[in-house]
Amino acid sequence: MSGGVDSSVTAMLLAKQDYDLSAIYMRNWDTRDESGTDKGCEWEKDWEDVQLVCKKLDLPCELIDLSREYWNRVFEPSLRQWELGVSPNPDVWCNKEIKFGALLERLPLQSKAYENAYFATGHYARKSWSASSSNPRPKLLRPVDQHKDQTYFLSAISEAGLRQALFPIGHLTKLEVRELAKEHGLSTAERPDSVGICFVGEKTKFNSFLSSYIPANPGPIINKITGKVVGEHSGLWNFTIGQNARVPGMPEKMFVASKDADTNAIYLVPGSTHTSLFTRVLRVQAFTWIWKDSPPSGLDRPDGIRLSLMHRYRMTPVSCTVMRTVDNELVIDCDEPQQAVTPGQVAALWDGSWCLGSGVISSTS
């Protein structure tokens, strides 16, 4: 449970069924790393809300501190990527490495006493099983509420983790979840949805936050068309592909077209519709299929296979052709040019509503 309405309703729905149920709150970020004190930090309010809901539902609850694991397995690797000018997605890796990784490792789910145990979350996603009667395998599916679809964030979890997962609100819309929370008197019914990366919080500017962990590394800002230096940046992580660079003294708005880690340079182009801001081909060097030993057939054909792609959260899925090279690299050729695709972002693939897996974009063309 997170302290939000989605996990609260998840707990309520399960409490109405015949489960031996207990709740877990993960503490992933230690505010003392920044302020030297826990006072006033967001996790205390979240944990308080979890306890209130569990008291209402008569459920035992436990706080598990995973801040060290989060630092080592999500935050520190992300820092190294930002420093190189790459744009990682910590929320995807949090689900893979922490919620369906370190947390499951902490729980006794692998022992015989827990062989029929499930792990439920408040994600907007659904799960079904393959048709095989001898060895059915779990399939991650989009939820009913397409506007709240979180399968993109779950696209990197393992088949073993998915096998034990339950997504009790996947058949509901957000409006229906809030109505259920009100109907059952849950204290989180009106709580706003959380936004932003969990360790940054909602009040802190992202660049200011990163600057407290990454030393400044000044470099040139270059007009890609003329080759002229038009400014200086303090670090590649302060700009993302497609961003309005806000360079003073320019006759028109300039947008970030690319970043060069070798020369520590940022290249700009005029206008938000410049061709340099668009790409059709994405390459992923280490794509992870949820069914690791059973990727879709046809990947190695010269004409590839037809799937749909998301390379950022809440984008409209894009039809694409996917091929695998002899070097095991995945080449994703989109039907339509895509704007501001950035190395480091997660590319996830679907066959209809079935999420097949994801990987980190290594390059575009």
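The closest side-chain heavy-atom distance from L172 to L13 is below 4.5 Å. A 4.5 Å side-chain heavy-atom check between S87 and I241 finds every atom pair outside the cut-off. Considering only heavy atoms from C-beta on, Q345 stays 4.5 Å or farther from N89 through its side chain. Counting heavy atoms from C-beta outward, S319 and R306 have side chains that approach closer than 4.5 Å. In this structure, the side chains of L84 and L236 stay at 4.5 Å or more apart for every pair of heavy atoms. You'll find the side chain of P317 reaches within 4.5 Å of the side chain of R142, heavy atoms only. By the 4.5 Å heavy-atom criterion applied to side chains, T151 and L141 are not counted as neighbours. Side-chain atoms of N95 and Q150, non-hydrogen and from C-beta on, never get closer than 4.5 Å to each other.
Between the side chain of N264 and the main chain of P218, a donor-acceptor pair closer than 3.5 Å is present. Not one N or O on the side chain of E62 forms a donor-acceptor pair closer than 3.5 Å with the backbone of S22. Proximity of a side-chain donor or acceptor of T240 to a complementary backbone N or O of Q243 within less than 3.5 Å is not detected. Distance alone, capped at 3.5 Å, places no donor-acceptor pair between the E76 side chain and the R73 backbone. A donor-acceptor contact shorter than 3.5 Å is absent between the side chain of R324 and the backbone of G298. Judged by distance alone, the side chain of Q51 and the main-chain N or O of W47 form a donor-acceptor pair under 3.5 Å. Side-chain atoms of H184 never come within 3.5 Å of backbone atoms of L186 as a donor-acceptor pair (strictly under, hydrogens ignored). The closest donor-acceptor contact from the side chain of S7 to the backbone of S2 lies under 3.5 Å. Checked by atom type and distance alone, the side chain of R280 pairs as donor or acceptor with a backbone atom of C334 at under 3.5 Å. Side chain of S158 to backbone of G161: a donor-acceptor contact under 3.5 angstrom is found.
A donor-acceptor contact under 3.5 angstrom links the side chains of Y124 and D6, judged on distance only. Counted by atom type alone, D327 and T325 present zero donor-acceptor pairs between their side chains at under 3.5 Å. Between the side chains of S365 and R283, a donor-acceptor pair is found at a separation under 3.5 Å.
Within the model, atoms CD of Q285 and CG of L330 stand 11.5 Å from one another, a figure rounded to the nearest 0.5 Å. In this structure, I214 CD1 and L79 CG are separated by 5.0 Å, a value rounded to the nearest 0.5 Å. Distance check: Y25 OH to I64 CD1 gives 12.0 Å after rounding to the nearest 0.5 Å. Taken from CE in M12 to CD1 in I169, the straight-line distance is 10.5 Å, to the nearest 0.5 Å. The CG atom of D91 sits 12.0 Å away from the CD1 atom of I98 when rounded to the nearest 0.5 Å. With values rounded to the nearest 0.5 angstrom, W237 atom CH2 is found 10.5 Å from K259 atom NZ.
With ring centers used as reference points, W82 lies under 6.0 Å from F206.
Residue-environment remark: CZ (R106) exceeds the threshold of 12 foreign heavy atoms within 6.0 Å. The environment of CD in E252 is crowded: more than 12 heavy-atom neighbours from other residues, nucleotides or ligands sit within 6.0 Å. Applying the 6.0 Å contact sphere to CG of D58 captures no more than 12 heavy atoms from other residues, nucleotides or ligands. More than 12 heavy atoms of other residues, nucleotides or ligands sit less than 6.0 Å from atom CG of D293. Atom NZ of K127 is surrounded by more than 12 heavy atoms from other residues, nucleotides or ligands within 6.0 Å. Remark: R246 CZ is loosely packed, at most 12 non-hydrogen atoms of other residues, nucleotides or ligands lying under 6.0 Å away.
In terms of hydrophobic clustering, with Ile, Leu, Val, Met, Phe, Trp and Tyr side chains grouped at heavy-atom distances under 4.5 Å, V346 and M310 are assigned to a common cluster. Linking Ile, Leu, Val, Met, Phe, Trp and Tyr whenever their side-chain heavy atoms come within less than 4.5 Å puts V318 and Y152 in one cluster. Both L21 and V9 are assigned to one and the same hydrophobic cluster, defined by single-linkage of ILVMFWY side chains at heavy-atom distances under 4.5 Å. By the criterion of side-chain heavy atoms lying less than 4.5 angstrom apart, applied directly or through intervening Ile, Leu, Val, Met, Phe, Trp or Tyr residues, L52 is not grouped with V50; the two fall into different hydrophobic clusters. In the hydrophobic clustering of this structure, F287 groups with W291; members are Ile, Leu, Val, Met, Phe, Trp, Tyr whose side-chain heavy atoms approach within less than 4.5 Å, directly or through other members.
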Problem - Step-by-step side chain to side chain contact (heavy atoms under 4.5 Å, CB included) determination, I361 to T342 - result: CA-CA 7 Å; I361 299 169; T342 307; over 6 Å; no
Practice task
Go through D145 and K174 one step at a time and tell me if the salt bridge (charged side-chain N to carboxylate O under 4.0 Å, His left out) criterion holds.
Solution key: CA-CA 7 Å; D145 191 338; K174 183 73 179 195; over 6 Å; no
Exercise for the section: Apply the test side chain to side chain contact (heavy atoms under 4.5 Å, CB included) to residues V230 and M254: give CA-CA distance (whole Å), side-chain angles for both, the deciding distance (0.1 Å), then the verdict. Expected result: CA-CA 10 Å; V230 296; M254 303 293 287; 5.9 Å; no
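Between H123 and F100, the two ring planes are tilted [angle within 30° to 60°]. Using a 30° and 60° split on the angle between ring planes, H233 and F239 fall in the perpendicular class, above 60°. Using the six-membered ring where Trp is involved, Y213 and F75 have ring planes that are perpendicular, over 60° apart on the 30 and 60° scheme.
In this structure, K139 does not pair ionically with D351, as no charged nitrogen and carboxylate oxygen lie closer than 4.0 Å. Ion pairing between a basic and an acidic side chain is recognised when a charged N comes within 4.0 Å of a carboxylate O; E159 and R137 show such pairing.
The heavy-atom pair separating C355 from S155 by the smallest distance is SG-CB, 3.6 Å. Between H274 and F278 the shortest heavy-atom distance is O-CD1, 3.3 Å.
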